[in-house]
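Working notes, beginning with the structure itself.
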Amino acid sequence: MDKEKLLTYNDPVEATIDIIGGKYKMQIIWYLHDKVLRYNELQKLIPQATPKMLSQQLKELAADGIVHRKLYPVVPPKTEYSLTELGKTLVPVVDVICEWGEKYYVHFGLPNPCGEDEE
């Protein structure tokens, strides 16, 4: 992200929401939190994302310095994604959002989507 774009935000919350608020961005961060994944692996983990949307979200995260994109010059092209050091600082944020989501399911009497019993 360039500094000029940061100056357009009114506060840090607005900047954060813009950076991680895309439809699949937090899921991408969640799946990359401890591993390197190829594009096809991410596509299988987030099947509801169209290839165009997933590609766009990954490009935006890379442009904002959250995701590292490594392209191997082979045929067919091989691309791997991982979190940058800055991106890794978002993992606790995503963890808290996940915990809240689990409690939200339980609040409505729905089974925990992670399969864990709520205390």
Side-chain angles (χ1 to χ4, degrees):
M1 175 174 293
D2 62 44
K3 290 181 184 179
E4 286 182 32
K5 185 177 179 185
L6 281 173
L7 294 173
T8 66
Y9 298 118
N10 294 314
D11 55 58
V13 173
E14 183 181 3
T16 304
I17 295 297
D18 186 50
I19 294 164
I20 65 171
K23 190 164 185 176
Y24 303 108
K25 289 181 179 181
M26 283 197 267
Q27 287 177 277
I28 291 167
I29 294 166
W30 174 259
Y31 287 119
L32 293 177
H33 80 276
D34 65 350
K35 60 185 93 150
V36 176
L37 294 172
R38 293 179 65 180
Y39 178 84
N40 286 343
E41 293 171 312
L42 281 166
Q43 200 169 32
K44 287 176 187 172
L45 292 167
I46 311 172
Q48 67 277 24
T50 64
K52 180 181 177 182
M53 180 59 78
L54 182 59
S55 179
Q56 179 184 341
Q57 300 276 282
L58 285 163
K59 285 178 184 175
E60 289 174 10
L61 286 168
D64 289 334
I66 306 303
V67 167
H68 174 72
R69 180 178 185 261
K70 184 172 184 179
L71 179 64
Y72 292 90
V74 295
V75 178
K78 176 182 171 184
T79 308
E80 291 181 340
Y81 296 92
S82 60
L83 291 180
T84 62
E85 289 304 312
L86 180 61
K88 290 176 185 176
T89 66
L90 286 168
V91 171
V93 174
V94 176
D95 284 343
V96 169
I97 290 170
C98 181
E99 289 171 16
W100 185 90
E102 291 172 357
K103 290 176 183 171
Y104 192 71
Y105 271 75
V106 171
H107 175 78
F108 286 101
L110 298 171
N112 186 327
C114 297
E116 300 168 4
D117 291 331
E118 189 67 23
E119 295 175 13

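Looking at T89, its side chain does come within 3.5 Å of a backbone N or O of L86 through a donor-acceptor pair. Using a distance-only test at 3.5 Å, with no hydrogens or angles considered, a donor-acceptor pair links the side chain of T16 to the main chain of P12. Judged by distance alone, with hydrogens and angles left aside, the side-chain atoms of D64 form no donor-acceptor pair with the main-chain N or O of I66 at under 3.5 Å.
Closest approach of K25 and I20 over heavy atoms only: CB-O, 3.7 Å. The heavy-atom pair separating G22 from Q57 by the smallest distance is C-OE1, 3.2 Å. Residue S82 comes nearest to V36 through the heavy atom pair CB-CG2, 3.8 Å, listed as atom of the first residue, atom of the second, then distance. Here the closest non-hydrogen pair linking L54 and A49 is CB-CB, 4.2 Å.
Results of the side chain to side chain contact (heavy atoms under 4.5 Å, CB included) test with Y81 over L58, L37, L61, I28 single out L58 as the only residue that passes.
N40 contributes atom CG, which lies 11.0 Å from atom CG of L45 (distance to the nearest 0.5 angstrom). Taking CD1 of I29 as the start and CG of L90 as the end, the distance is 5.0 Å to the nearest 0.5 Å. Separating the NZ atom in K23 from the CD atom in Q48 is a distance of 8.0 Å, to the nearest 0.5 Å. From I46, atom CD1 reaches atom OH of Y24 across 8.5 Å, with rounding to the nearest 0.5 Å. Taking CZ of R38 as the start and CD of Q43 as the end, the distance is 12.0 Å to the nearest 0.5 Å. Within the model, atoms CG of L110 and CD of E102 stand 13.0 Å from one another, a figure rounded to the nearest 0.5 Å.
Side-chain atoms of L83 and V67, non-hydrogen and from C-beta on, do get closer than 4.5 Å to each other. Here the side chains of W30 and I97 are not in contact, with every heavy-atom distance at 4.5 Å or above.
Salt-bridge check for E41 with K44: failed, with every basic side-chain N at 4.0 Å or more from each acidic carboxylate O.
Within 6.0 Å of NZ in K70 there are 12 or fewer heavy atoms belonging to other residues, nucleotides or ligands. Other residues, nucleotides and ligands contribute at most 12 non-hydrogen atoms within 6.0 Å of the CD atom of E4.
The hydrophobic cluster containing F108 does not contain V106, counting ILVMFWY residues as joined when their side-chain heavy atoms lie under 4.5 angstrom apart, directly or transitively. A single hydrophobic cluster is not seen to contain both V74 and Y39; linkage of ILVMFWY side chains at heavy-atom distances under 4.5 Å, directly or through other members, places them apart.
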